[in-house]
Amino acid sequence: RPKLPQYNTIEDAVRLLQESKNIVVLTGAGISTSLGIPDFRSKDTGLYSKLEHLGLSDPQEVFDIHVFREDPSIFFSIAKDILPMEKKFSPTHGFIKLLQDKGKLLTNYTQNIDNIEGNAGVSPDKIVQCHGSFATATCVKCKFKVLGDVIFGDIRDGKIPECTACQEAIARDALQPQGLKRKRSSSGHQKDRKEFEDSSDEDDYEIPTPGVMKPDITFFGEDLPDEFGQRLIHHDRELVDLVIVIGTSLKVAPVAEVPGILPRHVPQIYISRTPVSHTGFDIDLLGDCDVVVSELCRRAGWNLEHHMIPAD
Ligand code: OAD
């Protein structure tokens with residue numbers, strides 16, 4: 001994306017904030033690190049730098065749907081470390097709420113799964129949770145859905161949460177006259193009782209197990225929520241007049257493609273500790289995002305402090 005030559009400085013960024021009416025804010029893990037939640041890729045402090053003990057060839061496999069299906073214990077061994085916490089939020093979340101209160105927030109596309117935008121009072125209809133969230137969980141087997149906090153206790157205890165709907169169905173089936181179902185033998189016929197009893201092959205028994213409850217986070221290998229593409233292409237693309245990207249390394253597609261998908265004439269600001277080279281922003285404001293947004297607000301004459309008080 002070629003840079004727009006008329007936008008360069010922090011003063012330009014302040015003016016854009018003041019003049020814009022439909023701002024798309026794209027956020028990543030960097031906006032929550034000041035609350036003690038690790039990001040993913042920062043050297044030494046990011047979650048991925050702390051997963052060596054899991055013995056994965058790539059730490060991102062912890063969020064890989066194929067790995068999860070094979071062995072959910074890998075994900076649940078770290079899930080408690082990324083579980084959303086109490087009603088805290090950072091000045092950067094407060095800044096997004098301030099844009100909403102000024103009627104300037106078109107959409108906050110967040111890759112974060114911590115639900116902290118809601119703590120700051122950002123309205124659900126202004127948020128697209130691109131990578132899902134812990135707000136709900138679904139059984140991998142029967143698709144039974146529960147509110148996320150139903151399984152938080154298990155996650156905190158390091159246990160694998162099991163589906164209660166499956167458990168009930170198994171208990172019901174066990175009371176049926178035929179009890180445990182038998183699989184067919186390899187010849188395609190039921191083995192006779194003698195052969196069945198002699199067999200040491202446990203595969204001959206169909207031992208029913210409940211499904212695992214998977215938090216509705218978008219794992220690698222899963223589709224993003226439909227709302228992501230729908231809203232971006234069929235709604236926001238027409239309306240957006242400023243893009244602000246905050247605290248993301250933009251390493252994960254398709255979210256990383258959002259700046260390139262939006263119209264070229266719309267100015268784009270990047271706020272983060274680490275610069276990105278693979279996409280061109282008009283204004284890079286490098287540093288701690290809480291400090292940067294506070295300074296932008298100070299220069300714009302906006303009271304960010306006020307927006308640090310939760311809505312409820
Ligand atoms: P990353 O860890 O890749 O990037 C976070 C960015 O924020 C880095 O550029 C940091 O330098 C920067 N950063 C950290 N703290 C900051 C602070 N206080 N102020 C300013 N910048 C700060 O995280 P994401 O880009 O969000 O997906 O990662 C994207 C996706 O990759 C995640 O949603 C997750 C992960 O795999 C899934 O789990 C599916």
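Only heavy atoms go into these numbers, but all of them, side chains included; no hydrogens, no water, no symmetry mates. When a ligand or atom number is given, it counts from 1 through the structure's own listing order. Just so you know, residue 1 is the first one in the sequence shown, and it goes up from there.
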Inset, instruction - Go through the side-chain N and O atoms of D44 and S49 and say whether any donor and acceptor fall under 3.5 Å apart. - result: no
Legend entry - Protein residue, atom and distance nearest to atom 12 (C) of ligand 1, heavy-atom basis: S272 OG, 3.3 Å
Legend entry - D125 and S123 side chains, donor-acceptor separation under 3.5 Å: yes
Legend entry - Close N or O approach (S34, ligand 1; < 3.5 Å): no
Legend entry - Protein contact to atom 35 (C) of ligand 1 [nearest heavy atom, distance to 0.1 Å]: Y48 OH, 3.4 Å
Legend entry - Sub-3.5 Å N/O-N/O distance, T33 and ligand 1: yes
Legend entry - Closest protein heavy atom to atom 25 (O) of ligand 1, given as residue, atom name and distance to 0.1 Å: T248 OG1, 2.6 Å
Inset, instruction - Could you verify whether a donor N or O on one side chain and an acceptor N or O on the other, from E117 and T110, lie under 3.5 Å apart? - result: yes
Inset, instruction - State whether the shortest distance between N or O atoms of Y270 and N or O atoms of ligand 1 falls below 3.5 angstrom. - result: no
Legend entry - For Q268, the option from V245, V243, V258, D284 that meets side-chain contact (heavy atoms from CB on, under 4.5 Å): V243
Inset, instruction - Kindly identify the option in R41, K43, K251 whose heavy atom sits closest to atom 31 (O) of ligand 1. - result: R41
Legend entry - Any side-chain donor near an acceptor of the partner, T138 and K145, under 3.5 Å: yes
Inset, instruction - Would you mind checking which non-hydrogen protein atom is closest to atom 29 (C) of ligand 1, with the distance to 0.1 Å? - result: Q111 OE1, 3.3 Å
Inset, instruction - Please indicate whether any nitrogen or oxygen in H131 is less than 3.5 Å from any nitrogen or oxygen in ligand 1. - result: yes
Legend entry - G247 near ligand 1 by a heavy-atom separation under 4.0 Å: yes
Legend entry - Step-by-step side chain to side chain contact (heavy atoms under 4.5 Å, CB included) determination, V255 to F228: CA-CA 9 Å; V255 173; F228 168 73; 4.2 Å; yes
Legend entry - Side chain, backbone, both or neither: the part of V252 lying under 4.0 Å from ligand 1 by heavy atom: side chain
Inset, instruction - Name the closest protein heavy atom to atom 13 (N) of ligand 1, giving the residue it belongs to and the distance to 0.1 Å. - result: G30 CA, 3.6 Å
Legend entry - Heavy atom of the protein closest to atom 19 (N) of ligand 1 (residue, atom name, distance): C289 N, 2.9 Å
Legend entry - Closest non-hydrogen atom pair, S20 against D241: CB-OD1, 3.4 Å
Inset, instruction - Classify the side-chain pair S57/E61 by whether it contains a donor and acceptor separated by less than 3.5 Å. - result: yes
Inset, instruction - Report yes or no: does S90 have a heavy atom closer than 4.0 Å to ligand 1? - result: no
Legend entry - Over-ring placement of K214 relative to F219, 6.0 Å and 45° cut-offs: yes
Inset, instruction - Please state which part of F40 comes within less than 4.0 Å of ligand 1, counting heavy atoms only: side chain, backbone, both or neither. - result: both
Inset, instruction - Flag T218 as yes when one of its N or O atoms lies below 3.5 Å from any N or O atom of ligand 1, and as no otherwise. - result: no
Legend entry - Main-chain N/O of L4 paired with D282 side-chain donor or acceptor, under 3.5 Å: yes
Legend entry - ligand 1 to A29 polar contact by distance, N or O atoms, under 3.5 Å: yes
Inset, instruction - I would like to know whether C289 and R273 meet side chain to side chain contact (heavy atoms under 4.5 Å, CB included); could you show each step before the answer? - result: CA-CA 7 Å; C289 57; R273 270 188 197 144; over 6 Å; no
Legend entry - Ring centre gap for F220 and F63 strictly below 6.0 Å: no
Legend entry - atom 21 (N) of ligand 1 [closest protein heavy-atom partner, distance rounded to 0.1 Å]: R273 N, 3.0 Å
Legend entry - Contact (N/O only, under 3.5 Å) between F219 and ligand 1: no
Legend entry - Check: G28 N/O within less than 3.5 Å of ligand 1 N/O: no
